[in-house]
Amino acid sequence: MLKKILVANRGEIACRVFATAKKMGIATVAVYSDADRDALHVQMADEAVHIGPSVSSQSYLVVDKIIQACVDSGADAVHPGYGFLSENSDFRDALDAAGITFIGPGKHAIQSMGDKITSKLIAEEAGVNTIPGYTDVVRDAEHAVKVSADIGYPVMLKASAGGGGKGMRVAWNEAECRDGFDKATNEARSSFGDTRIFIEKYIQQPRHIEIQVMADSHGSVVYLGERECSIQRRHQKVIEEAPSPFLDEATRQKMGEQSCALARAVDYQSAGTVEFIADADMNFYFLEMNTRLQVEHPVTELITGQDLVELMIRVAAGEKLPMAQQDIRLTGWAMESRVYAEDPFRNFLPSTGRLVKYSPPEGEGVRVDTGVYEGGEVSIFYDPMIAKLITYGDDRAQSIDRMVDALDNYYIRGVNHNISFLNALMVHPRFVKGDLTTNFIADEFPNGFNPDLVVQQDPSIVIVVAAAVHQLHCERASLLSDQMAGHEAPAPKDWVVTIAKQQHAVQVELTDQGYWVKYAKKDYEVISDWCIGEPLFKGTINGVTVSIQVEPTTAGYRLIYRGAEITARVITPAAAALMSHMLYKSPADMSKFLLSPMPGLLVKLSVGVGQVVKEGEELAVVEAMKMENGLRAVQDGIVSNVSAVQGDSLAVDQIILEFE
């Protein structure tokens, strides 16, 4: 067995590997950059080695520094996690040369499956279904247009060395094909140092389903069921589940057997994932094979009872797999939500800063894999993932219910996050039904995410809680000392809760156990021991358990519940009558400015002062998290001023251009 494992990674995946290694009695070593000096993975490891500056290209991606860290610490094995060097064959070579065990597949598997063109050819030879397309390298934008015309639009342009949604563009016509080729090439160069692009047919209304495989060095290859990963944004997974609500047993077996055939074709050893795209008729096609542990591996662990990290370690140590295909059983249902530091109100742009408050949920069937802690930093240098929230239930409905409750109880302050959006997805009728495609978010949220809309159909719960919370504040205020006898200020019982300019009349009475609230001719019994200042209002409303995040604001209370994120103002009926006659101030007109929608690097400025621009014309390109974001004109106009230059680091809402 291996004696000391160094994890060549950071964040939650490093913490995840350390947890299993410690369970197995194996010593652990962390590596860290300047930005991660106080990170959780550094604290969890038995020892830690500093490997350089915050920028990953000077630390986590430097092979020689990882090798030296192994030498200095005496580590006899390396687990690469995912991302960084996890699918780098040169890294595998360097470890082999140094006599250090790589906890992952061999060089041939990494190289052949890491190249999308080569992997597709190997898959075809192995009898795996593949998508129609052009598997040779596309030379330039004009060549891309010709190839796409031969295949037939829509097409998908993909970086051969790509992953994580980077270097991918869908094109529906020639103009989008040219533009997509340029952007995919630039992203591929920035992220992978490899500009090769290939093109394949874009499958409409697709589902993204992947098969987990595990193989040892003794010839055993098994598949451990599938994961449904169709809920995506910008080709990056948001929610995953296992099993898929779509597949039948026959299709699952076909996909599993083809995945094992592909693994055998490249002499695969360790954990790997074969990704497929499936259409509405359950036809499925090979996308790629990831020669590493996947972010979403916990859902497979929960329904199979297998620790995939432990299996990887044992296989790397030369052991045989402890199970055969017939031993694998799928039991129950698991969901995973990726909790990111990103702002749903600003098109999910990354958010950075200190986690002023951080309290993850707990409970039956709830698992949180994270690499952060309260008081820690979410850095600008790395992926903005805060945690993976995983729930398990006897069936899909129970797993969803537990996820919704867990998201309600996930309390984060200091950085923006996507928890409300995740909950809005979970309670969406179409998601609950299992009617999923990779276009789900684009279809259901075409204008972006507006958490206020989530409660418009039934706002009763947040109205009742807002009224109850305000009543308690007023009752406490009524007990202030030194009030003049006979002139005490008792708390009113009648209130108007205002949400998004809509007024809702309520009556509130305190009881020994909580409150009675009358709203819309219905009585609500609220039982809770909530105290002022607590961030989570927990209790029951007419016997139903609720947990709502409550935060006082200058305008009232901010409440977060079931995907809703609203501000409620509670006022007296007299004040409400006065407000109804007041005009709401209109926001400032910023239509004359092009603002940076995110913190990032201005990599391209396409226009100059005096230039006439047309609606849809590209104005600038901002790069953030290695993704290029094109900014286009929303209407015709003339550029009157340029406030930024190419190469500038931009802040959110920083002015780039001004129009006449």
Side-chain angles (χ1 to χ4, degrees), residues 57 61 83 86-90 110-125 128-204 206 208 232-237 274-277 285-292 438-439 601 603-604 606 618 621-632:
S57 61
L61 288 171
S86 62
E87 295 177 287
N88 187 311
S89 60
D90 291 338
I110 295 173
Q111 279 188 325
S112 56
M113 293 296 99
D115 185 296
K116 286 184 170 61
I117 295 174
T118 302
S119 66
K120 186 173 181 178
L121 294 173
I122 294 175
E124 289 175 345
E125 293 178 4
V128 181
N129 302 343
T130 58
I131 302 173
Y134 184 79
T135 53
D136 204 349
V137 178
V138 179
R139 298 187 299 272
D140 51 35
E142 290 305 317
H143 187 208
V145 169
K146 183 180 184 303
V147 168
S148 299
D150 292 340
I151 296 172
Y153 290 102
V155 297
M156 174 77 82
L157 296 91
K158 290 184 176 181
S160 184
K166 297 180 178 67
M168 296 174 63
R169 288 292 188 277
V170 176
W172 295 80
N173 53 51
E174 287 190 12
E176 291 184 2
C177 183
R178 288 190 177 89
D179 183 65
F181 179 85
D182 291 341
K183 285 188 167 55
T185 301
N186 290 338
E187 287 181 3
R189 180 184 296 108
S190 173
S191 298
F192 315 112
D194 184 339
T195 60
R196 291 174 303 151
I197 301 294
F198 72 102
I199 301 176
E200 62 189 17
K201 183 68 176 177
Y202 177 62
I203 306 298
Q204 299 185 57
H208 185 122
Q232 302 180 6
R233 190 184 60 78
R234 282 186 167 182
H235 308 296
Q236 292 187 314
K237 301 164 188 173
V274 182
E275 300 194 349
F276 294 93
I277 196 165
Y285 308 95
F286 171 75
L287 281 177
E288 62 181 345
M289 184 177 189
N290 291 302
T291 56
R292 53 172 169 78
T438 56
N439 302 319
L601 180 68
V603 297
K604 183 180 180 182
S606 307
E618 181 180 87
V621 177
V622 176
E623 181 185 284
M625 298 291 178
K626 295 186 178 179
M627 295 287 284
E628 289 196 352
N629 303 271
L631 308 182
R632 298 183 177 276

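Keep in mind that this is a model prediction, so the values were computed, not measured.
In this view, Glu176 and Ala171, Trp172, Asn173 satisfy the side-chain contact (heavy atoms from CB on, under 4.5 Å) rule, not counting sequence neighbours. Considering only residues two or more places apart in sequence or on other chains, Phe276 meets the ring pair (Phe, Tyr, Trp, His ring centres under 6.0 Å) condition with Phe284. When the side-chain contact (heavy atoms from CB on, under 4.5 Å) test is applied to Glu125, no partner is found at least two apart in sequence or on another chain. Listed by chain and residue number, Arg169, Ile197 satisfy the side-chain contact (heavy atoms from CB on, under 4.5 Å) test with Ala184 (two or more places apart in sequence, or in another chain). In terms of the ring pair (Phe, Tyr, Trp, His ring centres under 6.0 Å) criterion, Tyr285 has no residue partners (sequence neighbours excluded). Partners of Ser86 by side-chain contact (heavy atoms from CB on, under 4.5 Å), not counting sequence neighbours, listed by chain and number: Pro80, Arg292.
The shortest distance between side-chain heavy atoms of Met156 and His235 falls below 4.5 Å. Asp115 places a side-chain heavy atom less than 4.5 Å from the side chain of Arg196. You'll find the side chain of Phe286 reaches within 4.5 Å of the side chain of Ser119, heavy atoms only. Taking the side chain as every heavy atom from C-beta outward, Ser89 and Gln111 approach each other to under 4.5 Å.
Put simply, OH on Tyr202 and CD1 on Ile151 are 15.0 Å apart, with the number rounded to the nearest 0.5 Å. Considering OG1 of Thr185 and CG of Asp194, their distance stands at 10.5 Å, rounded to 0.5 Å. Here the straight-line distance linking atom CZ of Arg234 with atom CE of Met168 works out to 13.0 Å at 0.5 Å rounding. Expressed to the nearest 0.5 Å, how far CG of Asn129 lies from CD1 of Ile277 amounts to 13.0 Å. For the atom pair OH of Tyr134 and CG of Leu157, the computed distance is 13.0 Å after rounding to the nearest 0.5 Å. The CZ atom of Arg632 lies 4.5 Å from the CG atom of Asp179; values are rounded to the nearest 0.5 Å.
Across all non-hydrogen atoms, the minimal contact from Gly167 to Glu187 is N-OE1, 2.9 Å. Scanning all heavy atoms of the two residues, the minimum distance from Asp182 to Ala141 falls at OD1-CB, 4.4 Å. When all heavy atoms of Ile117 and Ser160 are compared, the pair lying nearest together is N-OG, 3.7 Å. Of all the heavy atoms in Ala188 and Thr195, the pair that sits closest is CB-CA, 4.2 Å.
Remark: side-chain polar atoms of Lys120 are not paired, donor with acceptor, to backbone N or O of Leu287 under 3.5 angstrom. At distances below 3.5 Å, not a single donor-acceptor pair connects side-chain atoms of Glu275 with backbone N or O atoms of Glu288. Lys201 contributes no side-chain N or O that, together with a main-chain N or O of Ile131, makes up a donor-acceptor pair within less than 3.5 Å.
In this structure, a donor-acceptor pair under 3.5 Å is present between the side chains of Thr291 and Glu87.
A salt bridge links Arg178 to Glu174: one of the charged nitrogens lies within less than 4.0 Å of a carboxylate oxygen. We find that Glu200 and Lys116 are not joined by a salt bridge, their nearest charged nitrogen and carboxylate oxygen being 4.0 Å or further apart. Contact check on Asp150 versus Lys146 returns a salt bridge, with a Lys/Arg side-chain nitrogen under 4.0 Å from an Asp/Glu carboxylate oxygen.
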Step-by-step side chain to side chain contact (heavy atoms under 4.5 Å, CB included) determination, Asn186 to Lys604: CA-CA 11 Å; Asn186 290 338; Lys604 183 180 180 182; over 6 Å; no
